Peer 1: 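Here it is, the structure, as structure tokens.
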Protein chains: 2
Amino acid sequence: MTTAPSTPNLAIFRSYASKPDPTSLPPSILLSHSETCLTVFDAFPKSIFHFLVIPRIQPPLSARHLTDLRSLLQCEKSTAREVLMNLNKEANNVKKLIEEEMMKLYKFKWDIWMGFHPISSMEHLHLHVLSADLYSPKMKLKKHYNSFHPSLGFFLHLKDVLSWFDAVPSYYQRMIKLDASHYELLLKDGDLCCWWCDRALVSMPKLKAHLHDEFDKLTTRENAKLERKRKRTDVLASSVQASATDDERPEKVARLTPIQGDGSSDPTVGGDLPS
Amino acid sequence: MTTAPSTPNLAIFRSYASKPDPTSLPPSILLSHSETCLTVFDAFPKSIFHFLVIPRIQPPLSARHLTDLRSLLQCEKSTAREVLMNLNKEANNVKKLIEEEMMKLYKFKWDIWMGFHPISSMEHLHLHVLSADLYSPKMKLKKHYNSFHPSLGFFLHLKDVLSWFDAVPSYYQRMIKLDASHYELLLKDGDLCCWWCDRALVSMPKLKAHLHDEFDKLTTRENAKLERKRKRTDVLASSVQASATDDERPEKVARLTPIQGDGSSDPTVGGDLPS
DNA sequence: TATTCCGATAGTGAC
DNA sequence: GTCACTATCGGAATGAG
């Protein structure tokens with residue numbers, strides 16, 4: 001008899017990525033998959049919508065090449081680019097799904113970010129696909145927030161990483177180093193700045209309350225837009241009873257925001273979506 | 001109408017020390033007084049018994065000279081010594097009161113420490129007189145504990161301060177400097193060591209649990225002593241019905257440990273005395 | 001840059 | 001080295017057949 005190690009499963013994405021049949025994963029984990037990728041729910045979503053697109057382990061790449069962004073970018077350049085392009089294709093499909101769900105639940109769409117963390121505790125490469133709000137009860141620590149801030153520098157947008165491939169080779173070589181100490185500083189230092197308005201907040205609770213306000217403002221703004229549009233439509237087409245938009249929605253839509261709440265019963269500012 | 005300052009009353013001991021009639025203080029604050037000193041309950045006792053002996057402000061010394069130990073020791077040497085001797089006399093009376101209360105409540109006595117903090121936030125000199133246990137729910141922080149550890153160096157025993165006066169002048173001049181940065185390091189650096197057994201503890205909760213155990217051992221030891229003594233007394237004087245020891249106790253004894261508990265309902269290790 | 005738990009640390013406000 | 005409150009920082013443990 002052997003004793004199992006008392007460590008968390010930091011390689012769980014690798015086990016997903018090595019499955020011959022991703023559909024053996026439960027639907028609470030798997031959103032979708034392609035020949036080259038699979039998409040899972042982030043277990044600790046830092047935005048209202050948050051998924052991870054993971055490259056499947058298949059020739060010519062082994063698990064070792066796909067450990068993280070740095071290990072991928074140390075592979076042959078065209079190979080690395082192909083992996084990124086495959087992730088990009090899957091991520092764009094996920095983006096469409098999210099946008100459909102946004103329309104269903106909120107009646108409007110907002111931005112969706114796709115990008116990597118240059119350093120990660122989880123042992124398999126994963127592309128974050130998340131809605132542009134950073135509004136979630138799981139958003140708890142400064143490093144959580146700064147790791148997704150869209151202009152701080154830690155969150156590496158996929159389009160930027162792809163652009164490195166088209167730059168001069170010296171730039172490519174410099175960027176793919178992904179120096180850990182450089183990126184660590186970005187998370188710890190600097191203030192907490194609202195990614196919407198760039199205002200500095202003094203603490204995470206204050207930041208979360210502010211993000212709540214910003215999302216509320218967005219909702220109010222978009223609802224006012226809808227209201228104006230509805231009034232125009234009422235005037236122009238008051239005799240039309242059925243809308244065609246219903247038909248554009250998929251027959252079955254995955255529930256993309258399965259469980260909100262931080263798992264505790266502790267009521268916190270920003271813990272709930274605005275009503 | 002004037003607005004009270006938004007600061008804590010760091011000079012409250014000074015206001016006590018300037019009272020022409022100390023008995024105007026309520027008995028929940030004042031324990032006793034003399035021509036030169038008064039003794040108050042420490043509002044946040046760090047031992048089972050904990051009092052502060054405060055020099056009264058009277059000629060030739062002003063409040064400024066009595067701000068803290070350093071300011072006193074910068075006065076003319078014989079004047080400073082006289083203040084310390086007056087504090088010593090009052091403290092010895094307090095010590096006797098505590099020992100009587102120890103006998104009443106615990107049936108045995110243990111050591112009592114008398115000494116100063118070389119740096120203090122409170123603005124008037126005060127001599128700590130406290131039982132040698134450091135066992136109290138108000139003992140919460142490392143700096144609390146280390147500031148009373150009897151051999152760490154921060155707690156300046158009165159008898160040691162008095163000995164400076166009899167040393168060579170160069171030693172006296174060196175000691176009365178009371179360099180703040182030196183003493184600050186003593187509170188922050190170094191481990192938490194049990195003052196009974198010198199064992200290092202890794203955290204305050206562990207230390208408090210250990211101090212609880214040490215006080216329990218003391219209690220058990222002393223109770224065993226008493227039991228042995230009682231058995232000898234039973235054999236030798238079984239015919240004597242009335243003991244003389246009752247008469248030695250004062251007719252009225254101040255309640256020296258007025259309120260235990262840390263003011264919250266939060267049950268903490270070491271928060272209660274051993275039963 | 002997995003989370004969670006515990007505790008130490010740091011800043012603030014205190015009427 | 002006043003306290004009490006809030007929040008941050010820092011290490012260690014963490015799962016599951």
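Because the structure is a prediction, the values reported are computed rather than measured. Within every chain, numbering begins at 1; the chains are lettered A, B, ... in the order of the sequence lines, protein sequences first and strands thereafter.
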Peer 1: Return the set of residues passing side chain to side chain contact (heavy atoms under 4.5 Å, CB included) with B/K95 (not counting sequence neighbours), or none when no residue passes.
Peer 2: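 Residues passing side chain to side chain contact (heavy atoms under 4.5 Å, CB included) with B/K95: B/N92, B/E99, B/I112.
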Peer 1: Under the side chain to side chain donor-acceptor pair (under 3.5 Å) test, which residues partner B/D68, sequence neighbours left out?
Peer 2: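 Partners of B/D68 under the side chain to side chain donor-acceptor pair (under 3.5 Å) test: B/S71.
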Peer 1: Decide if the gap between the ring center of A/F155 and the ring center of A/H149 is smaller than 6.0 angstrom.
Peer 2: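 Ring centroids of A/F155 and A/H149 are no less than 6.0 Å from each other.
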Peer 1: Strictly by side-chain hydrogen bond (donor to acceptor under 3.5 Å, both in side chains), give each pair with a member in residues 173-198 of chain B just once, sequence neighbours left out.
Peer 2: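 Pairs touching residues 173-198 of chain B that pass the test: B/D179-B/S181.
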Peer 1: Return the polar atom pairs (N/O with N/O) between nucleotides 5-7 of chain D and the protein under 3.5 Å, or none.
Peer 2:
none

Peer 1: A/R14: which residues meet the salt bridge (charged side-chain N to carboxylate O under 4.0 Å, His left out) condition with it, sequence neighbours left out?
Peer 2: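 Salt bridge (charged side-chain N to carboxylate O under 4.0 Å, His left out) check on A/R14 returns A/E123.
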Peer 1: Report yes if the side chains of A/M139 and A/M204 come closer than 4.5 Å at any heavy-atom pair, otherwise no.
Peer 2: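 With C-beta onward as the side chain, the pair touches.
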Peer 1: Name all residues meeting the salt bridge (charged side-chain N to carboxylate O under 4.0 Å, His left out) criterion together with A/R70; count only those two or more places apart in sequence or in a different chain, and write none if there are none.
Peer 2: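 Salt bridge (charged side-chain N to carboxylate O under 4.0 Å, His left out) list for A/R70, sorted by chain: empty.
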Peer 1: Sticking with atom C1', work out how far C/dA2 lies from D/dG17, rounded to a whole angstrom.
Peer 2: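 Approximately 24 Å lies between the C1' atom of C/dA2 and that of D/dG17.
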Peer 1: What about B/K140, does its side chain sit under 3.5 Å from the base of C/dG7 through a donor-acceptor pair?
Peer 2: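 A donor-acceptor contact between them is absent.
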Peer 1: Nearest whole angstrom, please: distance from the C1' of D/dC3 to the NZ of B/K138.
Peer 2: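 The distance from NZ of B/K138 to C1' of D/dC3 comes to 9 Å, rounded to the nearest Å.
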Peer 1: Give me the stems containing DNA chain C, sorted by first residue, counting only three or more consecutive Watson-Crick or G-U pairs with both distances under 3.5 Å; say none if there aren't any.
Peer 2: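 Stem segments, range with range: C:2-14 with D:2-14.
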Peer 1: Is any side-chain heavy atom of A/Y145 less than 4.5 Å from a side-chain heavy atom of A/K46?
Peer 2: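 Sidechains of A/K46 and A/Y145: no contact.
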Peer 1: Below 30° counts as parallel, above 60° as perpendicular, anything between as tilted: where do the rings of A/F41 and A/F51 land?
Peer 2: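 Taking A/F51 first and then A/F41, their aromatic rings sit tilted (interplane angle of 30° to 60°).
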Peer 1: Determine whether a donor-acceptor pair (N or O, by modelled atom type, separation under 3.5 Å) exists between the side chain of A/S203 and the backbone of A/K206.
Peer 2: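 Yes, because the side chain of A/S203 sits within donor-acceptor range (under 3.5 Å) of the backbone of A/K206.
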Peer 1: Under the rule for side chain to side chain contact (heavy atoms under 4.5 Å, CB included), what residues qualify as partners of A/H33, not counting sequence neighbours?
Peer 2: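 In terms of side chain to side chain contact (heavy atoms under 4.5 Å, CB included), with neighbours along the sequence ignored, A/H33 is linked to A/P22, A/T23, A/L30, A/L38, A/R56.
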Peer 1: With the side chain counted from C-beta on, respond yes when B/L87 and B/L84 share a heavy-atom pair under 4.5 Å apart, and no when they do not.
Peer 2: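 Answer yes - side chains close enough.
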Peer 1: Indicate, with a heavy-atom threshold strictly under 4.0 Å, whether A/Y183 touches base, sugar-phosphate, or nothing.
Peer 2: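 The answer is nothing, as A/Y183 stays clear of every strand by at least 4.0 Å.
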Peer 1: Would you say that B/L52 contacts B/H128 through its side chain, given a criterion of any heavy-atom pair below 4.5 Å between the two side chains?
Peer 2: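 Yes, close enough: below the 4.5 Å cut-off.
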Peer 1: Return the residues of residues 8-23 of chain A meeting this criterion: a heavy atom under 4.0 Å from some atom of DNA chain C. Order them by number, or give none.
Peer 2: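 Going residue by residue through residues 8-23 of chain A, the ones with a heavy atom under 4.0 Å of DNA chain C turn out to be A/P8, A/L10.
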Peer 1: Could you give the CE-to-P distance, from B/M139 to D/dA4, as a whole number of Å?
Peer 2: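 One finds 14 Å between P of D/dA4 and CE of B/M139, rounded.
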Peer 1: When you compare the side chain of B/H124 with that of B/P55, does any pair of heavy atoms fall below 4.5 Å?
Peer 2: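 Touching, per the 4.5 Å side-chain cut-off.
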Peer 1: How many angstroms lie between OG in A/S47 and CZ in A/F215, if you round to the nearest 0.5 Å?
Peer 2: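 Here the interatomic distance stands at 9.5 Å.
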Peer 1: Take atom NZ of B/K142 and atom P of D/dG10, then tell me their distance rounded to the nearest Å.
Peer 2: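 Distance check: B/K142 NZ to D/dG10 P gives 15 Å.
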Peer 1: Between D/dG10 atom C1' and A/E184 atom CD, what is the distance in whole Å?
Peer 2: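 Those two atoms, CD and C1', are 15 Å apart.
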Peer 1: Under the side chain to side chain contact (heavy atoms under 4.5 Å, CB included) test, which residues partner B/Y172, sequence neighbours left out?
Peer 2: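 Counting only residues at least two positions away or on another chain, B/Y172 forms a side chain to side chain contact (heavy atoms under 4.5 Å, CB included) with B/L73, B/K77, B/W164, B/F165, B/I176.
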Peer 1: Hey, is the side chain of B/K46 poking within less than 4.0 Å of OP1 or OP2 on D/dT2, counting only N and O atoms?
Peer 2: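 So the side-chain polar atoms of B/K46 never come under 4.0 Å of the phosphate oxygens OP1 or OP2 of D/dT2.
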Peer 1: Nearest whole Å is fine: how far is C/dA8 P from B/L187 CG?
Peer 2: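 Roughly 15 Å, once rounded to whole Å.
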Peer 1: Got a sec? Which of residues 144-153 of chain B come in under 4.0 Å of DNA chain D, heavy atoms?
Peer 2: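 Result for residues 144-153 of chain B: B/H144, B/S147, sorted by number.
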Peer 1: What residues in residues 115-131 of chain A put a non-hydrogen atom under 4.0 Å from any atom of DNA chain D?
Peer 2: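 When residues 115-131 of chain A is checked for heavy atoms under 4.0 Å from DNA chain D, there are no hits whatsoever.
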